[in-house]
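For the numbers below, each heavy atom of this structure counts, side chains included, while hydrogens, waters and symmetry mates do not. Chain letters run A, B, ... following the sequence lines, proteins first, then strands; residues in each count from 1. Predicted, not measured: the structure shown is a model, and the values here were computed from it.
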Amino acid sequence: MQTQDAQTATDPSTPHVPAATEAGGGPPLSPFRYTADLAAQIELRWQDRWDERGTFHTPNPSGPLTDAAGEHADSGSPSFFIMDMFPYPSGAGLHVGHPLGYIATDVVGRHRRMCGDNVLHALGYDAFGLPAEQYAVQTGQHPRVTTEANIATMRRQLRRLGLAHDPRRTFATTDSDYVRWTQWIFLQVFGSWYDAQAPRPDGGTGRARPVSELVEQYEQGLRATPDGRPWSELDDVERRRVVDAQRLAYMSETPVNWCPGLGTVLANEEVTVDGRSERGNYPVFRRSLRQWNMRITAYADRLADDLDLIDWPDKVRAMQRNWIGRSEGAQVTFEVIGGAELGVFTTRPDTLFGATFMVVAPEHPLLDEVPPAWPDGTHSTWTVGHATPIAAVAAYRAEAAGRSAVERQADTSKSGVFTGHLAINPVDGRPIPVFTADYVLMGYGTGAIMAVPGGDERDFAFAQAFELPVVHTVAPPEGFEGGAWTGDGLVVNSTSAELSLDGLDVATAKATVVEWLEARGLGTGTVTYRLRDWLFSRQRYWGEPFPIVYDEHDLPIALPDELLPVDLPEVPDYSPRTFAPDDAQSTPEPPLGRNEEWVSVTLDLGDGPRTYRRDTNTMPNWAGSCWYYLNYLDPSRRDVVVDAELERYWMGPGHNAQTGPSGGVDLYVGGVEHAVLHLLYARFWHKVLYDLGHVSSVEPFRTLFNQGYIQAYAYADARGQYVPAAEVVEDQGVASGYSWQGQEVFREYGKIGKSLKNSVTPDEIYEAYGADTFRLYEMSMGPLDLSRPWETRAVVGSQRFLQRLWRNVVDETTGEVTVVDAEPDLATARLLHRTIDEVRTEMDGMRFNTAIARLIVLNNHLTSLAQVPRTVAERLVLMVAPLAPHIAEELWELLGHPQSLVREPYPVADPALLVQETVTCVVQVQGKVRDRIEVSPDIDPDELRALALATPGVQRSLDGRGIRTVIVRAPKLVNVVPD
RNA sequence: GCCCCCGUAGCCCAACCGGCAGAGGCAACCGGCUUAAACCCGGUCCAGUGUGGGUUCGAGCCCCACCGGGGGCACCA
């Protein structure tokens with residue numbers, strides 16, 4: 001998923017954060033003072049202890065993974081499964097923005113654990129991908145070497161944060177035994193077809209089934225073959241072709257983004273708006289190439305409908321719905337003069353009478369044959385100067401092929417040409433010209449449209465350019481200026497001998513015309529999706545090989561389970577073969593094809609040893625992140641993709657009180673940049689696994705949370721050159737308010753990174769303040785879902801809080817514990833319990849910034865006491881523990897507890913201490929505060945009303961005026977409305 | 001062009017169902033501590049909620065329009 005690249009990678013170079021507390025020399029401070037040095041000692045010690053003691057070993061209900069004492073979890077115990085989006089281990093190291101989500105999930109996990117849940121939280125690495133491959137190409141080093149070094153660096157940086165991950169459950173997508181199961185899932189998809197009529201356990205209709213059941217249906221004659229011949233008359237190769245065409249993973253000629261300069265196909269998101277490669281800026285061409293696809297479109301409805309079952313941000317659900325792009329309309333068949341038929345999809349069948357021409361995409365097969373001469377009535381502007389339709393269409397097709405999809409869509413001017421074909425409008429029998437134009441896309445609907453210039457702005461623009469007639473079929477409102485009317489209204493101009501829609505509203509007209517078309521076999525009501533099938537192959541080295549071989553018929557054959565995993569072969573060169581950047585006709589040559597000994601393989605697949613050819617593509621980077629959540633449940637278990645009992649315990653529907661009918665991961669935190677692709681692909685795989693009976697949950701991720709980004713200020717001088725942000729000072733002497741080395745600089749806000757010279761690394765902050773301060777600062781900066789600026793000089797506030805907490809328990813000159821066993825006074829007890837109550841609410845809502853504010857208030861109150869009562873200090877320490885775990889553990893131990901606090905119950909408020917003795921009631925006159933009175937919280941409203949009316953403030957404001965009404969909201973507010 | 005989110009103190013941010021605009025932090029300033037400075041401790045200062053209308057007894061919160069910032073989609077028939 002390359003989450004790592006979401007925020008620009010940084011240079012972990014020289015620290016430029018001042019040492020926080022020991023600056024300026026002077027006498028050494030007490031060793032018992034909570035300085036960065038002491039924090040570091042405490043933090044490193046506890047991190048080692050947690051590892052040694054297996055503190056975060058999360059027990060499964062069965063199997064090899066137990067807790068540190070060797071116990072399994074009770075299968076009825078509440079489970080809570082937390083995940084971070086899979087990091088890509090980049091070589092550049094982390095900056096302070098990266099850990100934000102990891103800290104947040106860690107805080108949630110530690111908190112839930114103290115609330116009694118069995119918490120599953122671990123972190124693996126999404127380690128296949130382009131950066132490692134590019135680096136390998138540059139250095140000649142194997143990508144595995146750099147990948148493993150990067151993972152080690154990232155592990156070290158993250159370990160220093162004190163994350164409560166189960167260390168036994170980490171893995172990388174590049175591990176051979178992980179690849180094995182990625183390939184296994186691919187074979188499950190390959191081995192399935194979608195039966196749209198089959199009932200599902202969740203009550204719906206349509207599910208994936210093994211292709212063996214499809215074959216059975218053919219054998220039993222329950223299903224007709226595509227050409228209608230009996231199954232028994234088809235030969236083996238024909239039968240395989242019939243089945244292969246219906247698999248959920250299938251090969252087909254697909255138009256792709258081919259980049260000769262890089263020697264590889266690119267995903268759409270790797271191509272810039274002007275149709276060039278993001279990396280290297282080479283031209284990208286559309287080429288039809290034989291590629292693997294996954295039939296995600298079969299799941300379009302379920303992927304859209306089941307968004308209602310899960311607790312995701314509305315924005316992300318909207319983006320997925322938008323991406324799936326379900327639209328309802330009709331498929332209509334137009335007869336083409338000369339014998340052919342042309343099917344179109346339209347969402348506006350009610351406008352059929354306004355269809356004055358048709359347009360097909362340049363790639364449309366209808367254009368493979370066009371009339372030899374222009375028909376009578378051809379308008380001179382339609383031919384664009386060509387002598388024959390053949391010449392015109394050939395020229396236009398060539399022109400369109402030379403433009404990338406992105407270029408075509410960026411240019412909204414209407415180009416095109418008449419094809420010489422005439423079609424018959426089915427509702428009134430009129431002949432209408434068929435054009436080709438690249439504003440119609442081959443990949444959507446049928447690649448052909450009926451053009452209604454009176455009701456569609458694009459068609460109108462085309463009609464203007466080519467002098468085509470415009471008929472309005474929906475009456476526009478008064479004062480309509482002309483052009484296309486796309487709004488609602490009553491249908492007009494829509495009557496033929498057999499059908500009239502005039503006078504109907506649009507919705508009724510749609511239904512009427514669809515019924516009419518269906519009765520005559522001219523069309524059907526249908527649903528179309530924007531979503532396309534998923535292009536699943538890449539011509540790269542550093543990815544999962546396909547577990548597929550080809551026989552002499554060039555048809556794919558799945559490798560049997562026992563031959564998995566198919567590991568990557570050694571090759572002489574990791575880079576794809578590149579071509580002249582503008583050589584559009586070149587063809588990709590995958591790096592895996594360079595090892596002939598590997599490509600050609602002799603196997604006995606049941607009919608004796610034969611020679612096969614391996615698939616030399618690799619899977620896209622998304623493959624490994626499509627199922628990794630299942631692997632956390634037990635990465636050591638290799639006999640099944642996921643153990644059914646573990647899946648039910650951690651992910652099944654109803655596995656804890658919050659989980660709804662969908663089941664799935666309880667909390668999934670990551671950036672919104674994965675809103676569509678990763679999250680859609682993973683949901684798709686999960687539903688396939690559900691259909692095939694491998695998982696009980698309907699959705700993989702029950703709750704999704706998008707954290708904001710941490711960005712930072714950057715400063716540029718008058719020439720626009722960036723200067724090191726850490727060296728900029730506030731300067732009232734210049735207009736901008738900031739200067740660097742005496743010259744005025746201007747502040748900007750942007751991503752943290754090398755290019756803006758504003759990078760700050762976690763290592764610098766650990767060094768200057770410690771991990772607990774760093775964690776606390778990131779959690780207190782603001783709400784988790786908001787992006788916000790990093791400000792190193794503000795970090796000290798969090799350190800001061802922890803220092804005060806430390807001093808509330810420990811004498812910093814002697815190191816002695818100073819708490820007393822006396823009971824707290826009533827005010828302190830009240831504050832404690834109110835704090836517990838509020839902090840619980842805020843923690844449950846993941847509002848850590850406000851939770852911390854409450855803890856600061858309590859902590860500050862304790863500093864004002866001559867002696868701190870132990871019971872209060874202990875509960876404060878427990879409440880701080882999820883946020884700043886190391887100092888909390890240390891204080892907990894100093895307070896006399898030999899056991900770690902990670903499973904200590906989170907404090908519970910005493911309701912008796914939450915009720916207030918008196919409440920301040922605000923007395924308003926006409927909405928303005930005029931007085932305040934102290935009243936009992938359960939005061940009678942009538943009594944309160946009388947008290948309020950008697951207050952001097954009300955009397956003064958009324959000044960003799962009468963009272964129209966009095967609004968009483970006991971016990972907090974009374975509002976007097978005067979006449 | 002269309003859709004979504006956000007505009008509260010010098011800065012980052014709170015404010016429950018519409019009910020006293022301030023919880024917390026940073027910065028600044030004053031005082032204490034100190035030979036001095038830093039750290040630390042105590043205190044002070046600081047906005048009427050982007051703008052203009054509307055609804056309401058009462059609006060930061062609801063509605064409309066606009067301005068500014070961020071994001072998504074964009075020839076999808």
B:G25 P sits how many Å from A:E778 CD, rounded?
19 Å
Tell me whether the centres of the aromatic rings in A:F466 and A:F357 are closer together than 6.0 Å.
no
According to side chain to side chain contact (heavy atoms under 4.5 Å, CB included), who are the partners of A:R834, at least two apart in sequence or on a separate chain?
A:L831, A:E838, A:L914, A:Q916
Syn or anti for B:C39, taking syn as within 90° of 0?
anti
Heavy atoms under 4.0 Å, any strand shown: does A:K414 hit a base, just sugar-phosphate, or nothing?
base
Sugar-phosphate only, base, or nothing, as touched by A:A794 at under 4.0 Å among non-hydrogen atoms:
sugar-phosphate
I'd like to check the ring pair (Phe, Tyr, Trp, His ring centres under 6.0 Å) partners of A:Y715; sequence neighbours left out, ordered by chain and number.
A:Y738
Indicate, with a heavy-atom threshold strictly under 4.0 Å, whether A:T528 touches base, sugar-phosphate, or nothing.
nothing
Is the distance from the ring center of A:Y777 to that of A:W790 below 6.0 Å?
yes
Who passes salt bridge (charged side-chain N to carboxylate O under 4.0 Å, His left out) against A:E341, sequence neighbours left out?
none
Residues at least two apart in sequence or cross-chain that pass ring pair (Phe, Tyr, Trp, His ring centres under 6.0 Å) with A:H472, listed by chain then number, are A:F480
Polar pair under 3.5 Å, donor/acceptor by atom type, side chain A:K972, base B:C20
no
Ring pair (Phe, Tyr, Trp, His ring centres under 6.0 Å) partners of A:Y713, counting only residues at least two apart
A:Y749
Rounded distance (Å) that lies between atom P of B:C20 and atom CG of A:D931
16 Å
Opposite nucleotide pairing with B:G58, Watson-Crick or G-U, both atom distances under 3.5 Å
none
Let's test this: given Watson-Crick or G-U wobble pairing with both distances under 3.5 Å, identify the partner of B:C29.
B:G43
Mind calculating the distance between CG (A:D785) and C1' (B:G71) to the nearest angstrom?
14 Å
Go through the structure and list residues passing salt bridge (charged side-chain N to carboxylate O under 4.0 Å, His left out) with A:D931, not counting sequence neighbours.
none
Distance, rounded to the nearest Å, where A:R530 contributes CZ and B:C73 contributes C1'
8 Å
Specify the residue among A:G797 and A:V976 whose closest nucleotide of RNA chain B lies further upstream toward the 5′ end.
A:G797
Nearest-Å distance for atom pair CD/C1', residues A:Q711 and B:G70:
9 Å
Residues in ring pair (Phe, Tyr, Trp, His ring centres under 6.0 Å) with A:W806, at least two apart?
A:Y34
How should the glycosidic conformation of B:G48 be described, syn or anti, under the criterion that syn lies within 90° of 0?
syn
Between A:N860 and B:G25, is there a contact of a side-chain N or O with OP1 or OP2 at under 4.0 Å?
yes
Rounded to whole Å, CD of A:E838 lies from C1' of B:A23 at a distance of 9 Å
Atom-to-atom span, CH2 of A:W806 to P of B:C40 - whole angstrom
17 Å
In terms of ring plane angle, is the pair A:F462 and A:Y439 parallel, tilted or perpendicular, where the classes change at 30° and 60°?
tilted
Looking only at atom C1', what distance separates B:C33 and B:G42, rounded to whole Å?
11 Å
Of the candidates B:A74, B:C40, B:G19, the side chain of A:Q924 sits closest to B:G19
In Watson-Crick or G-U wobble terms, with both distances under 3.5 Å, the base opposite B:C73 is B:G1
Please list, for nucleotides 12-15 of chain B, all pairs of protein and nucleotide N/O atoms separated by less than 3.5 Å.
from, atom 1, to, atom 2, distance (Å)
B:C12, O2', A:M781, O, 2.9

Can you sort out the partners of A:E812 under salt bridge (charged side-chain N to carboxylate O under 4.0 Å, His left out), two or more places apart, ordered by chain and number?
A:R33, A:R807
Which whole-number value in Å describes the distance from A:F801 CZ to B:A23 C1'?
14 Å
A:Y439 side chain: which of B:C75, B:C20, B:C26 is closest?
B:C75
Among the nucleotides B:C20, B:C75, B:G19, whichever has the atom closest to the side chain of A:V929 is B:C20
Can you sort out which residues in residues 962-970 of chain A have a heavy atom within less than 4.0 Å of RNA chain B? Ascending by number, please.
A:I967, A:R969
Do other residues, nucleotides or ligands put more than 12 heavy atoms under 6.0 Å from A:R321 CZ?
yes
Counterpart residues, side chain to side chain contact (heavy atoms under 4.5 Å, CB included), relative to A:A461 (two or more places apart):
A:K414
Where the side chain of A:R33 is defined as all heavy atoms beyond and including C-beta, which of B:C39, B:G24, B:C26 is the nearest nucleotide?
B:C39
Which atoms of nucleotides 27-34 of chain B (N or O only) lie under 3.5 Å from a protein N or O atom, and what are those distances?
none

